[in-house]
Amino acid sequence: MKLGLGKIKDALKGGAEKNAGIEKKEQKEELEPDRPDRVEDVTMKTKTSEQKSEDESENELKNKPENEPMVPADRSGAKKTGLIFFPAFDWAISPTHPEREERLLYTRDQIFEEGLMDLPQITEYKPRLADFRDIARVHFCVPDIKAQATTPHLIAAGSCLVLADALMRGEVKNAFALVRPPGHHAMTVSHGNRGFCNINNEAILVEYLRKKYGIRRIAIVDTDVHHGDGTQEIFYNDPDVLFISFHQDGRTLFPGSGFMNELGGPKALGRTINIPLPPGTPDEGIHYVLDTLVLPILRDFKPELVLNSAGQDNHYTDPLANMRFSAQGYAKLNEKLAPDMAVLEGGYAIQSALPYVNTGIILAMAGLDYSCVKEPDFRPGMFVQAARDRRVLEEVVATQLENWKNRDRLVETEMAKHGDFYRRKKQIFYDTDMIQEFQEETVRMCPDCQGYATIDSHAHRSINDTRIFGVSVPIYACDRCQAEAKEEYRKRLNDPEYEYVYLQDKKADEYREYSMRTKNEISY
């Protein structure tokens with residue numbers, strides 16, 4: 001199927017000729033679209049000759065000293081861009097829902113037809129399943145992981161981990177996970193689906209990189225049109241994770257959040273940077289924000305890795321939003337941002353946007369010419385930034401630069417307001433599953449670490465209510481906070497108010513789930 005990108009072949013041919021001496025990658029077997037009967041079948045099908053098997057990865061972990069992370073390889077000589085496609089044929093909210101498999105099928109057809117996968121600069125990997133422990137490292141899944149993470153969810157998350165391993169081994173210079181279901185609206189507690197998300201692929205990726213490879217300072221730039229409220233919530237109290245989200249103003253679009261005063265918890269103030277954009281913002285406006293705010297902050301933060309939640313629903317044809325971004329704008333954004341890894345989030349203009357946007361991003365990541373990637377109806381200058389909206393963006397940039405500049409002072413001032421604990425109450429609406437959740441989060445204001453957190457969550461459904469209690473220990477927690485957190489977990493095991501109690505000890509990589517009804521404890 002031709003979508004008007006025929007000129008790309010000529011542009012790519014030149015790039016391929018320059019690399020004539022490079023051996024082409026081996027052809028790889030496609031993941032079967034039919035759903036396997038057993039988890040083992042997926043694992044067996046998704047191993048490739050270019051990847052170390054899960055058995056080999058387990059051996060690596062067994063051979064290293066306990067709790068000592070692996071050392072990332074030097075990537076300075078890597079030249080390839082790693083890709084994974086996982087359309088999730090057997091997962092959909094409904095047959096006609098915008099979040100369906102065609103989101104990736106049109107893109108895959110276009111990329112294969114244009115010959116991108118034959119280029120020596122690009123190598124394709126095959127998915128694998130994420131472990132339940134990978135999910136438990138991030139989420140309190142109610143009632144358990146099986147209820148919230150189907151096989152497609154585990155494969156989408158696992159695909160990100162496959163590319164993370166390839167990146168850390170120095171096999172690729174960067175990587176793009178073109179997977180679904182998406183994840184950036186999924187929060188620490190998962191009672192169901194909200195914003196088409198059950199589990200958070202990006203957060204699972206971050207905690208995996210920390211535990212396995214010892215990566216500490218990570219920046220996440222969320223370019224989806226919807227505020228990445230799930231990713232923000234998960235890392236809100238973590239000063240080592242910089243979360244930047246630019247999105248259509250929350251007053252005009254789901255999830256109704258992402259305002260400039262959402263700056264992070266007391267010990268992480270200024271590490272959350274929200275950039276609400278006026279509806280109708282075109283390429284010009286988003287690149288102004290990128291150049292004057294996002295890139296300067298990233299240079300100052302000096303992250304070990306930059307991750308991109310690559311939502312594509314800022315496109316001018318997207319049916320669920322009101323922005324005016326183009327495929328060229330997306331490709332240039334990716335070239336400037338230069339993320340180490342991108343993970344697909346939203347984007348629902350299946351034919352008019354996604355094949356062009358994804359092609360442009362892949363070419364930009366591979367360092368190839370993307371100037372021929374244009375939508376058939378796009379004309380330069382067809383969208384102009386309104387003067388009023390430009391003034392709005394200038395105010396946003398000025399305010400957030402000031403917040404970033406004063407982040408340490410903001411932390412000091414905020415810490416003085418709290419005693420041993422910081423508490424906040426939240427209401428969370430699950431728009432897909434129609435669940436209303438009420439939370440109280442408590443964070444220990446520890447002088448030696450970021451402190452452990454507890455979450456008291458009460459979810460109201462149409463047929464029943466569920467109340468749970470979760471205790472989370474950060475990976476870099478001090479011994480005292482770890483001990484206090486475990487005691488909090490033990491105390492709640494005898495509290496009849498809660499149906500489920502969870503322990504998430506990232507420092508020990510230990511995860512427990514207790515059912516008050518069955519008196520049974522599960523360890524992951």
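FYI, side chains are in, hydrogens and waters are out, and symmetry mates aren't considered; it's all heavy atoms of this structure.
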### Task
Using a 4.5 Å cut-off on heavy atoms from C-beta on, say whether the side chain of Asp420 contacts that of Arg444.
yes

### Message
Would you say that Phe259 contacts Arg251 through its side chain, given a criterion of any heavy-atom pair below 4.5 Å between the two side chains?
### Response
yes

### Query
Would a 4.5 Å heavy-atom cut-off, applied to side chains only, mark Arg180 and Leu344 as touching?
no

### Message
Is it true that His184 and Ser245 share a donor-acceptor pair across their side chains at a distance under 3.5 Å?
### Response
no

### Message
Ring-plane angle category for Tyr348 and Phe196, please: parallel below 30°, perpendicular beyond 60°, tilted otherwise.
### Response
perpendicular

### Task
Taking the side chain as every heavy atom from C-beta outward, state whether Leu116 and Leu368 have any pair of such atoms under 4.5 Å apart.
no

### Derivation of the side chain to side chain donor-acceptor pair (under 3.5 Å) call for Gln312 and Asn358
CA-CA 9 Å; Gln312 300 168 8; Asn358 283 317; 2.5 Å; yes

### Task
Go through the side-chain N and O atoms of Gln400 and Asn403 and say whether any donor and acceptor fall under 3.5 Å apart.
yes

### Donor-acceptor side-chain pairing of Glu437 and Tyr430 below 3.5 angstrom
yes

### Query
Any side-chain heavy atom of Gln439 sitting closer than 4.5 Å to one from Ile428?
yes

### Query
Do His247 and Asp224 meet the criterion of a side-chain donor-acceptor pair at a distance under 3.5 Å?
no

#### Entry: Any donor-acceptor N or O pair under 3.5 Å, side chains Tyr125, Glu171
yes

### Task
Apply side-chain contact (heavy atoms from CB on, under 4.5 Å) to Pro279 and list each qualifying residue two or more places apart in sequence or on a separate chain.
Gln248, Thr252, Asn322

### Query
Got Arg137 and Arg210 here, is their nearest side-chain heavy-atom distance under 4.5 Å?
no

### Message
Tell me whether the rings of Phe421 and Tyr452 are parallel (<30°), tilted (30 to 60°) or perpendicular (>60°).
### Response
perpendicular

#### Entry: Qualifying residue, where the test is side-chain hydrogen bond (donor to acceptor under 3.5 Å, both in side chains) with Asn174 and the options are Thr81, Asn308, Asn334, Asp340
Thr81

